[in-house]
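First the structure, in the form of structure tokens, and then the observations on it.
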Amino acid sequence: MTADGPGFFERVRELVGTIPRGRVATYGQVAALLGVPRGARAVGWALRAFDEAAHARVPWHRVVGAGGRISLRGRPAGEEQVARLRREGVRFSGDRVDLARHGLFVSRS
DNA sequence: TTGCTGACTTGGC
DNA sequence: AGCCAAGCCAGCA
């Protein structure tokens with residue numbers, strides 16, 4: 001039996017979809033929550049592999065690199081990601097997202 | 001099965 | 001601060 005439950009795509013899509021508005025998670029954190037501590041790269045690959053329809057219903061912009069870095073920097077999508085996050089009220093420290101304020105499990109003061 | 005790619009991460013220089 | 005190399009994971013030829 002090769003079909004063991006949902007594929008990686010659906011798991012990533014489901015988890016990313018639970019990220020509250022105004023908060024962000026890192027690739028490594030998403031991977032860890034999926035039960036794959038070192039699957040950060042796989043998560044990025046999954047998000048990249050989403051269909052256009054999936055992109056529309058999944059808040060992919062709420063997933064950033066370690067330390068709040070924008071991995072998409074240097075690519076057109078990177079600017080869009082930053083714009084979307086700012087629209088949600090996410091603060092930036094230079095070129096990085098303020099994880100201390102918008103982290104997944106960080107309580108805002 | 002092997003090898004390559006990629007929206008990653010960490011450590012060293 | 002920025003660049004390079006190694007490690008890790010999933011999918012595909």
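What's counted below: heavy atoms across the whole structure, side chains too, no hydrogens, waters or symmetry copies. Order of the sequence lines fixes the chain letters, A, B, ..., with proteins taken first and strands second; residue numbering starts at 1 for each chain.
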Is NZ or CZ of A:R86 both nearer than 6.0 Å to the six-membered ring centre of A:F92 and within 45° of the ring axis?
-> yes
Send over the distance from A:F9 CZ to C:dA10 C1', rounded to a whole Å.
-> 8 Å
Euclidean distance, atom CD of residue A:E52 to atom C1' of B:dA7 [Å, nearest integer] | 17 Å
Exam field: side chain A:R23 to backbone A:L104, donor-acceptor pair closer than 3.5 Å = yes
Rounded to the nearest Å, what distance is computed from the CZ atom of residue A:R96 to the C1' atom of nucleotide B:dT9?
-> 12 Å
Output the residues of residues 36-45 of chain A in contact with DNA chain C, where contact means a heavy atom of the residue under 4.0 Å from an atom of the strand; sort by number or write none.
-> A:V36, A:R38, A:G39, A:R41, A:A42, A:W45
Expected output: side-chain A:E88 to main-chain A:R21 donor-acceptor under 3.5 Å | no
When the ring planes of A:F50 and A:H55 are compared, do they come out parallel, tilted or perpendicular, using 30° and 60° as the limits?
-> perpendicular
From CZ of A:F50 across to P of B:dG6 the rounded distance in Å is 18 Å
In whole angstroms, the gap separating P of B:dT10 from OH of A:Y27 amounts to 14 Å
How far apart are the C-alpha atoms of A:Y27 and A:W45, what are their side-chain angles, what is the distance that settles it, and do they pass the ring-ring contact (aromatic ring centres under 6.0 Å, His included) test?
-> CA-CA 10 Å; A:Y27 293 92; A:W45 158 86; over 10 Å; no
Can you tell me how far P of B:dC8 sits from CD1 of A:I70, to the nearest Å?
-> 11 Å
Provide, to the nearest angstrom, the distance between the CZ atom belonging to A:F8 and the P atom belonging to C:dC8.
-> 16 Å
Which part of the nucleic acid does A:H61 contact within heavy-atom distance under 4.0 Å: base, sugar-phosphate only, or nothing?
-> nothing
Who does C:dC8 pair with, Watson-Crick or G-U, both distances under 3.5 Å?
-> none
Let me know the distance between CZ of A:R75 and C1' of B:dC8, rounded to the nearest Å.
-> 13 Å
Backbone N/O of A:I19 and side chain of A:R62: donor-acceptor pair under 3.5 Å | yes
